[in-house]
Each structure stands twice: as C-alpha cells, then as structure tokens.
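Data first, discussion second: the structure below is written as structure tokens.
Note that the coordinates shown come from a computational prediction; the quantities given were computed from them, not determined experimentally. Counting starts at 1 for both ligands and their atoms, following the listed order.
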Amino acid sequence: MTDISRPARPAILGQNQYGKAENRVVKITRDGATHHIKDLNVSVSLSGDMDEVHYSGSNANVLPTDTTKNTVYAFAKEHGIESAEQFGIHLARHFVTSQEPIRTARIRIEEYAWERIDNSGKGEHSFVRKGQETRLAQITFDGSSWEVISGLKDLTVMNSTDSEFWGYVKDKYTTLPEAYDRILATSVTGRWRFNWSADEQEMPDWDTSYEETRTHLLQAFAETYSLSLQQTLYQMGTRIIDNRSEIDEVRFSLPNKHHFLVDLEPFGLKNDNEVYFAADRPYGLIEATVLRDGCEARIPVDLTNL
Ligand SMILES: O=c1[nH]c(=O)c2[nH]c(=O)[nH]c2[nH]1
C-alpha cells in the first residue's frame, strides 16, 4: 500500500527569481537654475544558482533584495540616468558580473515623463507629469436654479526647488528634520463652483474657463516660493478667484507626494540633493476651500463624494 500522505519523490524546485520590485527613484540634475528630472520605477529580478536557499534555507548565494535596492539608488548617483535602457544595462551587467551565482538579471523600468510648467521666468524647476488629467463636471438643476461644479483629478506637479518646511510644532514624537530646500510634489484634485445659477444670466464658456483655470492653478503652483503645501494650496485658489470672475469657490485635495533624499554615505557617495526615493504612502493630505469674500461654501468637504 502506498502512503498517499508522503510523495514517493520530493518535490523539485522549478523556475525561480527574486529581487526588489518598484524602486521609485527620482534623479534631479541641476544645471544652474535649470533642473532636469528622471523619474523611474525600477524592478530588479535575479536568477541563477539559488537552489539551496529554497531547499535548505542557506543564504550563501543570496545577494539581499535590500542590496539590489541600494544599488539602484547608488547607480543613479554614480552613473546618472541617461536613459532607462542605459540605466538598466548598467544594473543588469553589474549583478551578473559581480556575483558568481547570479546568471541572469532582468531589470524592468517604467519611466514617468514630465513637462515644464511656464512660471514667468522664475527658474526652470516646475514640472507637470505628462498625460492628461481627468476633467470633471457636476451639474444640478432643481427646476429654477443651477449649480455647476467643474474640476479635475490626477494632475501631478512637482517643484524641484523653492520649497521649504520648518518652524512647525515639535512634540516628543516629532522626528522630521526641518527642510530648507525640498521637492514639493502633489497630484491635484480640485473642484470649482461657478456663480452661474439662472438661465437669465450669461453662461460662461465652459471650455475656456476650464483651460484658463487649469493654467492659473499650474502657474500659481510653479511661481509660489512655498513654505508649506498649505500655503501653495491657498495661492492656487486665490489665483483662480482673483482671475476668474465666473468662479466663487475652489476646493483642493492635495496629497503631499513625499520625496526623501537617499542616504548614499554608506556607499561613500555624497547625495547633493540629487537622488530621491519617491514614497507612495503614507502621504500628507492637505485640503482646503478658498472662497470669494462674501460667498458661501457649497462644495462638499470630501471631494471623493463628488
Ligand atoms: O507642506 C507641508 N505641510 C505639512 O503640514 C507637513 N507636515 C509634514 O510632515 N510635512 C509637511 N509639509
């Protein structure tokens, strides 16, 4: 009788690979006041003589995935990021030629493209992520009056300088170092409410209004020397209220997309505000309404309900 609980032969290890996935690396190259961004999502996958770690748990052939992550950041500094392909070639060659048990390295890279925002000559350090944001509209009619709220989501912007954050409250849980030159990045969700409410009133040109509002918002982001994202938010709202008479109320929800300087000192490299880790969570979430003086706030506080 065969004992069905114990296979006759032990299971055999099949294809296997390992590495660190989704290393978010942002490299800023500073050419005077003109900054250039490379923004990559790099996934490293290594394979080779890795039977033992699976069969017995011996790590003797295992280069830690943590090391592969560090290598990505160190290479961004040491070799720069000329192109995703060139960067991937450097990394793959390094892993295969420096570690005998590693026979194959697969490097997958997503690159996020950024365009410059025109900021009236205040330096070339403001960017909007390529790819169209989503435009939104909500129209309500009760038979006599109208309410039109327009807006957008997923408009991602970055300033690679002209942002500080210091002078905040410190309690026993505060560890955040004060920042005098940081990256400020956010993905804008915004809504604005029109004061057009009756058929007798002249209707705004909705498309022109959207384009102009978007431009004001972007320019205010780019031109504000920021001491906090809260201050930048208020400037963005104010710019719209001051320039678009058809709009009485603006509400923004701005995730603070943190970029942390990577400590390259353990590898003998100096990080001169060049190589950042782009964290996706947790994120600060800064939300506020900006109103025309005398007007009522009617846009819901929680924009995800709109
Ligand atoms: O612009 C910011 N506002 C904050 O309220 C805040 N809090 C924090 O930790 N970082 C930041 N940045």
Check: Between the side chains of Asn70 and Thr67, does any donor sit under 3.5 Å from an acceptor?
Finding: no
Item checked: Per-atom contacts, ligand 1 versus Leu229 - under 4.0 Å to a heavy atom -> 1 (O), 2 (C)
Next item on the list: Identify the protein heavy atom lying closest to atom 10 (N) of ligand 1, giving its residue, its atom name and the separation to 0.1 Å.
Entry: Phe165 CE2, 3.5 Å
Next item on the list: Could you tell me whether some N/O pair between Leu184 and ligand 1 is separated by less than 3.5 angstrom?
Entry: no
Margin query: Suppose I only count heavy atoms of Gln230 and a 4.0 Å limit; which atoms of ligand 1 are within that range?
Written below: 1 (O), 2 (C), 3 (N), 4 (C), 5 (O)
Margin query: Considering non-hydrogen atoms of the protein only, which is the closest contact for atom 9 (O) of ligand 1, and what is the distance?
Written below: Leu176 CD2, 3.5 Å
Margin query: Counting the benzene-type ring for Trp, do Phe194 and Trp206 have ring centres under 6.0 Å apart?
Written below: yes
Next item on the list: Check ligand 1 against Ser228 and write out every atom of the ligand that is under 4.0 Å from a heavy-atom position of the residue.
Entry: 1 (O)
Note to self: By the definition side chain to side chain contact (heavy atoms under 4.5 Å, CB included), identify the one residue from Leu261, Ile37, Asn271 that meets it with Tyr276.
What the structure shows: Leu261
Check: Is it the case that Arg24 places NZ or CZ above or below the six-membered ring of Phe277, under 6.0 angstrom from the centre and within 45 degrees of the axis?
Finding: no
Check: So, does Arg182 sit close enough to ligand 1 that a heavy atom of it is under 4.0 Å from the ligand?
Finding: yes
Next item on the list: Answer yes or no on whether Lys170 is positioned over the face of Tyr168, meaning its NZ or CZ is under 6.0 Å from the six-membered ring centre and within 45° of the axis.
Entry: yes
Check: Would Arg135 count as a cation-pi partner of Tyr210, with NZ or CZ less than 6.0 Å from the six-membered ring centre and within 45° of the ring normal?
Finding: yes
